[in-house]
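Take a look at the structure set out below.
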Amino acid sequence: MITVNRAPPYLTVQDSGRKNARASGVPQGGAIDSFALGAANALAGNSGDAAGLEWALGDGSIRFERDAIFALAGAKAHAVLSGKVVAPCTTIYAQSGDELVIEQISGGRFVYLAVGGGIDVPVVLGSRSTYLPGRFGGYQGRTLKRGDSLGLGPPPTRTPAAGCHCAADLLPRYEMGIVHVTRGTHADLFDDDTWRAFTNSEYRVAAASDRTGYRLEGPALKNPVGTLPSEASCPGSIQVPGDGLPIALMADAPTVGGYPKIAVVAEADLPILAQRSPGATIRFELITIEQSQRALRRRASDLHTISQLAIRSYR
């Protein structure tokens with residue numbers, strides 16, 4: 001098991017999400033930066049859909065109750081294991097009783113902790129992910145708090161060698177703040193001036209942003225229709241409400257919505273958007289669907305390369 005010694009303001013169990021529940025009105029959810037969790041899982045010897053911890057908003061610590069292998073990925077964090085600095089995107093071995101302390105998140109928003117065997121909580125609708133709006137999944141449907149103990153799955157039979165490291169050029173360019181988008185389902189409703197404002201302006205992530213949606217502050221866009229009949233939506237959809245300030249739907253967003261959608265974030269860039277903290281800036285660049293698909297294949301190839309690096313180091 002692992003035990004939460006000191007809980008940060010936000011700490012939940014997440015995996016790759018619920019892939020077959022949207023027809024019932026349940027979003028996919030899962031890790032808001034799915035690439036980071038996938039990379040951490042690979043370096044911890046897990047399958048890509050194993051559950052890990054999604055950590056944000058502050059410092060905290062957990063204690064390992066058995067010998068374990070783990071890795072951290074995602075946001076930049078200063079972490080120590082029983083007094084020794086923990087390198088990011090690196091396979092680390094912990095002994096029973098060791099305490100992992102994340103002292104500060106210095107860049108980005110969400111840190112992912114994957115532990116060999118994965119976090120073992122009940123499967124709900126095909127996933128171990130926490131869905132906070134619905135208060136189910138994960139650990140009792142809530143954020144973790146001090147004293148919570150989480151079971152781990154069986155340790156991997158073969159594990160990456162300690163020190164197995166993922167090079168920075170295999171990771172999303174989180175620091176750039178450039179987010180590529182394709183045209184949304186209502187793109188033709190917006191005039192040329194609105195499109196120029198959207199693609200030529202800098203937006204800031206508002207403080208009122210969470211896993212449901214990121215509100216963006218910057219030039220208001222002209223909403224030509226108000227609201228529309230609700231229709232299916234997905235993570236990455238950028239809606240334009242009545243005040244003209246865009247909202248980017250994120251992992252826990254509702255499955256339907258009625259605001260016009262000017263654009264959709266390329267799936268390959270969802271991790272970049274997810275890791276922008278309140279106050280951080282974003283610029284949107286328009287690309288074609290074909291370019292978006294190529295970028296997603298490159299992202300999948302990078303994650304496969306990380307997995308192969310870990311496998312080649314198996315001991």
Applying the 4.5 Å side-chain criterion to the ILVMFWY set and letting contacts propagate, would [X] and [Y] be lumped into a single cluster?
{"X": "Leu72", "Y": "Val4", "answer": "yes"}
{"X": "Ile272", "Y": "Tyr112", "answer": "yes"}
{"X": "Ile247", "Y": "Leu228", "answer": "no"}

Between the side chains of [X] and [Y], is a donor N or O closer than 3.5 angstrom to an acceptor N or O?
{"X": "Asp191", "Y": "Thr194", "value": "yes"}
{"X": "Ser106", "Y": "Gln104", "value": "no"}
{"X": "Glu217", "Y": "Tyr203", "value": "no"}

Item to check | Those residues that, when tested against Arg297, pass salt bridge (Lys or Arg N to Asp or Glu O under 4.0 Å) (two or more places apart) | outcome: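 Expected list: none.
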
Next on the checklist: Test of understanding: with ring-ring contact (aromatic ring centres under 6.0 Å, His included), list the residues that count as partners of Phe70, not counting sequence neighbours.
Outcome noted: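 Per chain and number, Phe70 pairs via ring-ring contact (aromatic ring centres under 6.0 Å, His included) with Phe64.
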
Item to check | Pairs where residues 153-164 contributes a residue and the test side chain to side chain donor-acceptor pair (under 3.5 Å) is met, not counting sequence neighbours | outcome: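 Side chain to side chain donor-acceptor pair (under 3.5 Å) check on residues 153-164 returns Tyr93-Thr159.
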
Item to check | side chain to side chain donor-acceptor pair (under 3.5 Å) contacts touching residues 250-260 (sequence neighbours left out) | outcome: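 Passing the test, one end in residues 250-260: Arg211-Asp252.
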
Item to check | Counterpart residues, side chain to side chain contact (heavy atoms under 4.5 Å, CB included), relative to Arg63 (two or more places apart) | outcome: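 Only Thr3, Asn5, Glu65 meet the side chain to side chain contact (heavy atoms under 4.5 Å, CB included) criterion with Arg63.
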
Checklist entry - Pairs in or reaching into residues 162-193: which pass ring-ring contact (aromatic ring centres under 6.0 Å, His included), with residues at least two apart or in two chains? => result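 Qualifying pairs: none.
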
Item to check | Residue pairs, two or more places apart or on separate chains, that pass ring-ring contact (aromatic ring centres under 6.0 Å, His included) and touch residues 279-315 | outcome: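 Listed by first then second residue: Phe198-Phe284.
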
Item to check | Other residues, nucleotides, ligands: >12 heavy atoms within 6.0 Å of Arg215 CZ | outcome: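 No - once you tally the heavy atoms of other residues, nucleotides and ligands closer than 6.0 Å, there are 12 at most.
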
Checklist entry - Can the positive tip of Arg18 be found less than 6.0 Å from the middle of the six-membered ring of Phe136, inside 45° of the ring normal? => result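 Cation-pi check for Arg18 and Phe136: fails.
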
Checklist entry - Hey, does Glu54 have a side-chain heavy atom less than 4.5 Å from the side chain of Asp33? => result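 No - every pair of side-chain heavy atoms lies 4.5 Å or more apart.
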
Checklist entry - Below 4.5 Å, heavy atoms only, C-beta onward: do Leu171 and Phe35 meet side chain to side chain? => result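 Answer yes - side chains close enough.
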
Next on the checklist: Using modelled atom types and a 3.5 Å cut-off, is there a donor and acceptor pairing between side-chain atoms of Tyr214 and backbone atoms of Ala274?
Outcome noted: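 Indeed, once roles are kept as given, a pair shorter than 3.5 Å links the two residues.
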
Checklist entry - Counting distance only, does the side-chain N/O of Thr143 pair as donor-acceptor with the main-chain N or O of Leu11 below 3.5 Å? => result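 No, because the side chain of Thr143 does not come within donor-acceptor range (under 3.5 Å) of the backbone of Leu11.
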
Could you pull out all donor-acceptor pairs under 3.5 Å where a side-chain atom in residues 261-268 meets a protein atom, sequence neighbours excluded?
| residue | atom | partner | partner atom | Å |
| --- | --- | --- | --- | --- |
| Lys261 | NZ | Glu231 | OE2 | 3.2 |

Which pairs with one or both residues in [range] pass salt bridge (Lys or Arg N to Asp or Glu O under 4.0 Å), sequence neighbours excluded?
{"range": "residues 122-137", "value": "Asp120-Arg128"}
{"range": "residues 173-186", "value": "Arg183-Asp188"}
{"range": "residues 79-102", "value": "none"}

Item to check | Residues which pass side chain to side chain donor-acceptor pair (under 3.5 Å) with Tyr131, listed by chain and number, not counting sequence neighbours | outcome: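 Side chain to side chain donor-acceptor pair (under 3.5 Å) check on Tyr131 returns nothing, list empty.
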
Checklist entry - Which heavy-atom pair separates Ala75 from Gly107 by the least distance, and what is that distance? => result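 Result for this residue pair: CB-O, 3.2 Å.
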
Next on the checklist: Taking the basic N atoms (NZ, or NE/NH1/NH2) and the acidic carboxylate oxygens, is any pair closer than 4.0 Å for Asp148 and Lys145?
Outcome noted: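 Result for this pair is no, no salt bridge flagged.
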
